[in-house]
**Student:** 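My structure is below; once you've seen it, I'll send some questions.
This one's a predicted model, so the numbers in the text were calculated from it and none came from an experiment. Counting starts at 1 for both ligands and their atoms, in listed order.
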Amino acid sequence: MKVNRSNFLKISLLSAVSALISNCNTQSEVTAKDKALDDVIVIGAGIAGLSAASSLKAQGYRVVVLEGRDRIGGRIWTDRSWHGIPLDMGASWIHGVDRNPISALAQKFNLTTLPTDYSSNILYDREGNRLSDAAQDQIDRRFKQVIEQLDRLRKSMDAAEKPDISLEIAISEIIRKMNLDRYELEELNYSIATSIEHEYATDISDLSLFNWDRAGDLEGGDRLFPDGYDRIVQGLAGNLEIRLGQIVKQVTYSDRGVEVVTNRGKFQADRAVITLPLGVLKNGSVQFSPPLPSQKVKAIQALNMGVLNKVYLRFAQVFWAQNPHLLNYISTNKGEWSEFLNIAKYTQKPVLLGFNAGTYGISIEKLSDRQIVSEVMQVLRKIYGGSIPEPEAWLITRWGSDPFAGGSYSHTPPGASSADYDALAQPVVDRLFFAGESTSNQHPATVHGAFWSGEREAKRIVTLAKKT
Ligand SMILES: Cc1cc2nc3c(=O)[nH]c(=O)nc-3n(C[C@H](O)[C@H](O)[C@H](O)COP(=O)(O)OP(=O)(O)OC[C@H]3O[C@@H](n4cnc5c(N)ncnc54)[C@H](O)[C@@H]3O)c2cc1C
């Protein structure tokens with residue numbers, strides 16, 4: 001069935017090959033002569049799927065990408081409904097620009113990126129008063145102490161071969177000995193929310209003490225795309241064959257190949273790269289026949305999907321401090337409206353972006369847009385006074401209830417480890433290949449991790465083809 005690459009090119013040139021991926025609805029004709037290399041179905045047109053598909057296409061494979069939504073990009077999603085103000089509803093930053101493949105793509109596609117300076121921030125207390133630099137330093141110092149003690153506790157528990165516990169249990173143990181008053185506790189909770197829970201998109205109660213921060217970081221600082229992150233996926237999509245609105249329902253596989261059933265028809269290929277988010281694998285909306293191996297099922301259950309939601313507010317004009325990158329607030333209840341990104345800094349437009357993660361981030365998904373706006377305005381009025389205007393418009397994400405994501409990104413709860421990410425990445429009978437952020441043991445929960453995972457699986461398929 002397989003020929004080498006030069007033969008493939010020859011065949012392509014001679015026969016102006018018809019579509020190899022056979023959509024059983026359209027019954028495209030496939031002859032043995034046409035069949036040069038394996039055909040591959042990629043499920044999901046997020047960054048992992050596009051990365052896998054473009055790598056395979058570059059190697060001469062014929063690939064079709066099936067995407068359930070009516071757009072590409074998945075958790076990279078730029079809303080352009082506020083004309084002239086592209087807003088990223090999913091990923092915003094290239095995390096660590098050095099040796100990051102997304103930096104290389106930004107350069108290739110000639111995209112502007114701007115740095116975020118996380119130390120450029122103003123912190124407000126629960127009454128909305130601005131804290132001095134000295135007071136902020138004190139809060140940062142106390143948080144650093146907690147992190148150092150966490151590290152020590154982890155090492156001693158590891159050495160004593162004690163079982164994993166949650167970060168929350170570990171932190172409570174540490175805080176108990178610190179004799180903090182109510183306000184100091186709120187300050188520490190603010191640090192925990194903005195530095196840990198927003199980053200991991202979950203409560204500390206759902207993070208493993210042993211493994212919560214085991215992933216690798218890239219250096220060089222973070223940069224965002226003032227013209228929208230979607231330029232990356234558009235560039236990558238190039239001239240790939242992408243079918244939108246194809247909601248995958250079932251994947252059947254055997255040693256002969258793969259059949260994928262969507263809401264609109266059936267597709268067959270030699271192999272499939274599956275980039276379904278962990279949240280989708282968890283909710284069981286895609287059936288596998290035969291069922292996935294128990295190791296993979298265990299990993300799907302062991303890892304969790306967290307929630308980080310964004311609320312963009314557009315005002316008639318900027319009434320907040322123009323200069324800082326971030327505006328932070330010490331809320332009475334942990335993690336409620338504790339962090340705002342000053343979008344005006346990057347776009348010169350009067351827009352603020354509020355973040356909420358974990359329990360509070362999930363809970364607001366049930367509220368109406370107006371209720372959410374009313375909650376955030378109470379906080380902004382505490383800080384900037386009762387006379388600030390209502391926003392002109394707002395955009396609000398609900399990643400937890402998004403059926404094509406089932407949350408924002410994966411994390412490692414107590415008892416789970418990077419071995420679960422590895423299990424998620426394992427191919428099944430050399431027919432099903434798995435990519436996506438939740439298959440990256442080194443860079444989960446990131447765009448670059450997802451991108452690399454797509455390349456990894458493309459390489460795996462190419463290597464396999466060379467062996468057989
Ligand atoms: C709010 C938020 C902020 C983030 N911030 C950052 C950041 O600043 N920097 C960073 O590096 N990362 C960030 N991330 C994480 C990053 O966006 C993801 O890790 C990455 O985009 C995941 O890519 P993926 O290809 O693995 O998954 P996805 O992008 O989710 O792609 C999977 C695709 O599969 C499709 N799909 C799902 N179910 C089906 C089905 N049944 N049939 C067909 N198609 C289906 C989906 O629609 C989707 O297009 C953020 C994520 C969120 C939600």
**Student:** Which residue and non-hydrogen atom of the protein lie closest to atom 9 (N) of ligand 1, and at what distance in Å?
**Tutor:** W93 O, 2.9 Å
**Student:** Taking ring-ring contact (aromatic ring centres under 6.0 Å, His included) as the definition, give me every residue that meets it alongside F225, ordered by chain and number, with sequence neighbours left out.
**Tutor:** Y229
**Student:** Cation-pi between R75 and W399: NZ/CZ under 6.0 Å from ring centre and within 45° of the ring axis?
**Tutor:**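 No.
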**Student:** Would you find more than 12 non-hydrogen atoms of other residues, nucleotides or ligands less than 6.0 Å from N110 atom CG?
**Tutor:**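 Check fails, neighbour count at 12 or below.
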**Student:** Which heavy atom of the protein is the closest neighbour of atom 3 (C) of ligand 1, given with residue, atom name and distance?
**Tutor:**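 Checking every protein heavy atom, the shortest distance to atom 3 (C) of ligand 1 gives G90 O, 3.3 Å.
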**Student:** Nearest protein heavy-atom contact for atom 27 (O) of ligand 1: which residue, which atom, what distance?
**Tutor:**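 Ranking protein heavy atoms by distance from atom 27 (O) of ligand 1, first comes R75 NH2, 2.9 Å.
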**Student:** Any atoms of ligand 1 less than 4.0 Å from a non-hydrogen atom of G74? List them with their elements.
**Tutor:** 29 (O), 48 (C), 49 (O)
**Student:** Can you name the side-chain contact (heavy atoms from CB on, under 4.5 Å) partners of R231, sequence neighbours left out?
**Tutor:** R80, L111, Q234
**Student:** Would you sort out whether D88 and T78 count as a side chain to side chain donor-acceptor pair (under 3.5 Å), showing the intermediate values?
**Tutor:** CA-CA 4 Å; D88 281 312; T78 307; 2.6 Å; yes
**Student:** Around atom 16 (C) of ligand 1, find the nearest protein heavy atom and jot down its residue, atom name and distance.
**Tutor:** V447 CG2, 3.9 Å
**Student:** Could you work out, for atom 1 (C) of ligand 1, the closest of D402, I232, L308 by heavy-atom distance?
**Tutor:**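 Nearest option to atom 1 (C) of ligand 1, by heavy atoms: L308.
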**Student:** Determine, stepwise, if the pair N333 / S331 fulfils side chain to side chain donor-acceptor pair (under 3.5 Å).
**Tutor:** CA-CA 5 Å; N333 299 324; S331 53; over 6 Å; no
**Student:** Is there any N or O on S92 that sits under 3.5 Å from an N or O of ligand 1?
**Tutor:**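 Between S92 and ligand 1 (N or O atoms, distance only) the closest approach is under 3.5 Å.
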**Student:** Can a non-hydrogen atom of Q246 be found less than 4.0 Å from any atom of ligand 1?
**Tutor:** yes
**Student:** When you measure from the heavy atoms of P277 to every atom of ligand 1, does any distance fall below 4.0 Å?
**Tutor:** yes
**Student:** Only one of Q250, K249, Q246 clears side-chain contact (heavy atoms from CB on, under 4.5 Å) with T262; which?
**Tutor:**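 Of the listed residues Q250, K249, Q246, the side-chain contact (heavy atoms from CB on, under 4.5 Å) partner of T262 is Q246.
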**Student:** Number the atoms of ligand 1 from 1 as they appear, then name those within less than 4.0 Å of a heavy atom of G436, with their elements.
**Tutor:** 26 (O)
**Student:** Check contact between M89 and ligand 1, using heavy atoms of the residue and a distance below 4.0 angstrom.
**Tutor:** yes
**Student:** For atom 37 (C) of ligand 1, which protein heavy atom lies nearest, and how many Å away is it?
**Tutor:** F404 O, 3.4 Å
**Student:** Applying the side-chain contact (heavy atoms from CB on, under 4.5 Å) test to L218, which of D98, T446, N100 qualifies?
**Tutor:**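 Only one of D98, T446, N100 forms a side-chain contact (heavy atoms from CB on, under 4.5 Å) with L218, namely N100.
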**Student:** Tell me if the CD atom of Q107 is crowded by more than 12 foreign heavy atoms within 6.0 Å.
**Tutor:** no
**Student:** Within the 4.0 Å heavy-atom shell around T275, which atoms of ligand 1 are there?
**Tutor:**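 What qualifies from ligand 1 is 32 (C).
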**Student:** So for ligand 1, is Y409 a polar contact partner (N or O within less than 3.5 Å, distance only)?
**Tutor:** no
**Student:** Check this for me - ligand 1, T446, N or O atoms closer than 3.5 angstrom, yes or no?
**Tutor:** yes
**Student:** Closer than 4.0 angstrom, basic N to acidic O: yes or no for E197 and K334?
**Tutor:**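 Yes.
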**Student:** So that I know where these two stand, are Y190 and Y124 an aromatic pair - ring centroids less than 6.0 Å apart?
**Tutor:** no
**Student:** Is it the side chain (CB and beyond), the backbone, both or neither of A445 that lies under 4.0 Å from ligand 1, heavy atoms counted?
**Tutor:** backbone
**Student:** If you measure from CG on L424 to CD on E437, what distance do you get to the nearest 0.5 Å?
**Tutor:**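 Separation between the atoms: 9.5 Å.
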**Student:** Suppose I only count heavy atoms of V286 and a 4.0 Å limit; which atoms of ligand 1 are within that range?
**Tutor:** 41 (N)
**Student:** Does even one non-hydrogen atom of A405 get within less than 4.0 Å of ligand 1?
**Tutor:**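 For ligand 1, residue contact (heavy atoms, under 4.0 Å) with A405 is absent.
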**Student:** Who's the nearest protein heavy-atom neighbour of atom 47 (O) of ligand 1, and how far?
**Tutor:**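 Checked against all protein heavy atoms, atom 47 (O) of ligand 1 sits closest to E67 OE2, 2.6 Å.
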**Student:** Looking only at distances, can you tell me whether any N or O atom of I76, backbone or side chain, sits closer than 3.5 Å to an N or O atom of ligand 1?
**Tutor:**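 Min N/O separation from ligand 1 is not below 3.5 Å for I76.
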**Student:** When rounded to the nearest 0.5 angstrom, what is the spacing between OG1 in T397 and CG in L308?
**Tutor:** 7.0 Å
**Student:** Centroid-to-centroid, W212 to Y200, below 6.0 Å?
**Tutor:**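 Centroid separation for W212 and Y200: below 6.0 Å.
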**Student:** CD1/I147 to OG/S191 distance, rounded to the nearest 0.5 angstrom?
**Tutor:**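 The CD1 atom of I147 sits 9.0 Å away from the OG atom of S191.
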**Student:** Contact between G73 and ligand 1, counting heavy atoms under 4.0 Å?
**Tutor:**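 It does, in that a heavy atom of G73 comes within the 4.0 Å cut-off of ligand 1.
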**Student:** Find the distance between CZ (F267) and CZ (R243) and round it off to the nearest 0.5 Å.
**Tutor:**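 Result: 4.5 Å between the selected atoms.
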**Student:** Can you report which non-hydrogen protein atom sits closest to atom 43 (C) of ligand 1, along with the distance?
**Tutor:**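 The closest one turns out to be G68 N, 3.1 Å.
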**Student:** Among G400, A91, G406, which one puts a heavy atom closest to atom 13 (C) of ligand 1?
**Tutor:**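 Considering heavy atoms of G400, A91, G406, the nearest to atom 13 (C) of ligand 1 sits in A91.
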**Student:** Any ion pair linking K459 and E457 (charged N to carboxylate O, less than 4.0 Å)?
**Tutor:**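 Between K459 and E457 there is no salt bridge, as every charged N stays at least 4.0 Å from the carboxylate O atoms.
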**Student:** Any atoms of ligand 1 less than 4.0 Å from a non-hydrogen atom of R69? List them with their elements.
**Tutor:** 46 (C), 47 (O)
**Student:** For ligand 1, which atoms have a heavy atom of L276 less than 4.0 angstrom away?
**Tutor:**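 Going through ligand 1 atom by atom, the ones under 4.0 Å from L276 are 37 (C), 38 (N), 39 (C), 40 (C), 45 (C).
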**Student:** Quick check: V248 and ligand 1, any N/O pair under 3.5 Å apart?
**Tutor:**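 Looking only at distances, the answer is yes, because the N/O contact criterion of under 3.5 Å is met.
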**Student:** Using a 3.5 Å cut-off on N or O atoms only, is A48 in polar contact with ligand 1?
**Tutor:**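 For ligand 1, there is an N or O atom that lies under 3.5 Å from one belonging to A48.
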**Student:** Which residue supplies the protein heavy atom nearest to atom 34 (O) of ligand 1, what is that atom called, and how far is it?
**Tutor:**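 Residue, atom and distance for the closest contact: G44 CA, 3.3 Å.
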**Student:** Atoms of ligand 1 less than 4.0 Å from G46 heavy atoms?
**Tutor:**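 Listed by number with element: 25 (O), 29 (O), 31 (O), 33 (C), 49 (O).
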**Student:** What part of H95 sits under 4.0 Å from ligand 1 if we count only heavy atoms: the side chain, the backbone, both or neither?
**Tutor:**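 Near ligand 1, H95 shows its side chain, while the N, CA, C and O stay back.
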